[in-house]
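Report on the structure given below.
Whatever order the structure lists ligands and atoms in, that order sets their numbers, starting from 1. Because the structure is predicted, anything quoted here is derived from the model rather than measured.
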Amino acid sequence: MLPLFDAYPRLKDALPYVRLGELPTPVREMPELSREAGIGRLYVKRDDVSGAVYGGNKVRKLEFLLADALRYGAKEVMTFGCAGSNHATATAVYSHQQGLRSISMLLPQPNAAGVRRNLLLSYASGAELHHYATSRAVSAGVTRQSAAHQRRVGRPPYVIPAGGSSPLGATGFVNAAFELSKQIAAGEMPEPDLIYVPGGTVGTGAGLMLGLHAAGLRSHVVVVRVTGEKFAGMQRILSLLNETAVMLHASDASFRETHFTEEGVHLIHDFYGEEYALYTRESVDAVLRFRGHGIRLEGTYTGKAAAAMLHDGEKGGLRDKVVLLWNTYNSRDFTHLIETVDYRRLPKAFHRYFEEDVQPLDKELA
Ligand SMILES: *Cc1c(COP(=O)(O)O)cnc(C)c1O
């Protein structure tokens, strides 16, 4: 049973839920790295192993979102992201597992080996892949594809927003906070002072903030922005926080409706760099540093969050703190699932990710 449902049994009846992942995920202490990095005690929350086939933070969101799609009797789901989207890939993998077809509406992004791997896994999971040059073209594509699919399947696809960050998707991370609270109570780690997470579409950060508050923990979430302000800015965090609180309160009146304001949100902008999915020197250094201690991160999200944390450590601000880095990246090896997939079977617009070079900093991670 989910810790959130243990605490709020009425939510269990009200909310759609299907088990996809392997929860709870472990917490791991990093004693050597914390000494080196000037951090009191450093832990990693291992959401990288949240699913048997494909882990990462999207599994927790999809447990609610795909259950909702199934509840509506959907046959297909449609979602959004950039070409290498971990969210689109996780949606493809777990939809397929649930007997749903998935449609990914994807935008361009800087190239990396991980982009190629995700595209191949999406394809191997039966996803229908579309590539658009601009978000305007995506909008037109949604109209066209929804109509085409409605004609073919008899109903339009169930739409999952980019990153799975709706109130229902964020609920996966409200539960994650209750999961952490249980691990703290069981003595697996002390209550963290700070929890660092990357902020992409901010369902992870907002869900955790709301859940920690509801679970009575005092840990502060540090959201390290890795996308544009529109997707991960203060306004977006606040609206998702408050909409999720309203939804949960409406589903179970004993879930207190709290109103969050800017003062309660710790958002860092300085590690974004120039562009979404364009690595920074600091991000790559942080990935390499964690790799030396057995934790796999990547340059788009977790490397930037880890870089912010290591920077704060270097400045001396974390010396007496308990710090948790939430590892939102998949670490399951799925090579065996994509080995035999020839990229030329993908729609032509995606071939360039396989034929063009990866971004220079990605080579340091090869
Ligand atoms: C999607 C993703 C994120 C961002 O999570 P949000 O809830 O969208 O902020 C962070 N890390 C990884 C590895 C991701 O794939």
Pairs under 3.5 Å, N/O atoms on ligand 1 and on the protein: can you put them in a table with the distances?
{"unit_1": "ligand 1", "atom_1": "5 (O)", "unit_2": "N57", "atom_2": "ND2", "d": "2.9"}
{"unit_1": "ligand 1", "atom_1": "5 (O)", "unit_2": "T204", "atom_2": "OG1", "d": "3.4"}
{"unit_1": "ligand 1", "atom_1": "7 (O)", "unit_2": "K61", "atom_2": "NZ", "d": "2.6"}
{"unit_1": "ligand 1", "atom_1": "7 (O)", "unit_2": "G203", "atom_2": "N", "d": "3.2"}
{"unit_1": "ligand 1", "atom_1": "7 (O)", "unit_2": "T204", "atom_2": "N", "d": "2.9"}
{"unit_1": "ligand 1", "atom_1": "7 (O)", "unit_2": "T204", "atom_2": "OG1", "d": "2.7"}
{"unit_1": "ligand 1", "atom_1": "8 (O)", "unit_2": "T201", "atom_2": "N", "d": "2.7"}
{"unit_1": "ligand 1", "atom_1": "8 (O)", "unit_2": "T201", "atom_2": "OG1", "d": "2.5"}
{"unit_1": "ligand 1", "atom_1": "9 (O)", "unit_2": "G200", "atom_2": "N", "d": "2.7"}
{"unit_1": "ligand 1", "atom_1": "9 (O)", "unit_2": "T201", "atom_2": "N", "d": "3.2"}
{"unit_1": "ligand 1", "atom_1": "9 (O)", "unit_2": "V202", "atom_2": "N", "d": "2.8"}
{"unit_1": "ligand 1", "atom_1": "11 (N)", "unit_2": "T328", "atom_2": "OG1", "d": "2.6"}
{"unit_1": "ligand 1", "atom_1": "15 (O)", "unit_2": "K58", "atom_2": "NZ", "d": "2.9"}
{"unit_1": "ligand 1", "atom_1": "15 (O)", "unit_2": "N86", "atom_2": "ND2", "d": "2.7"}

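- Taking 4.0 Å as the cut-off between side-chain N and carboxylate O, K321 and D193 do not count as a salt-bridged pair.
- In the model, Y196 has a side-chain atom that pairs as donor or acceptor with a side-chain atom of D312 under 3.5 Å.
- A salt bridge links D68 with R71; the closest basic N to acidic carboxylate O contact falls under 4.0 Å.
- Hydrophobic clustering (ILVMFWY, side-chain heavy atoms < 4.5 Å, transitive): L210 and L217 are in one cluster.
- Comment: E179 engages R60 in a salt bridge, judged by a side-chain N to carboxylate O separation of less than 4.0 angstrom.
- The heavy-atom pair separating L318 from M309 by the smallest distance is CD1-O, 3.5 Å.
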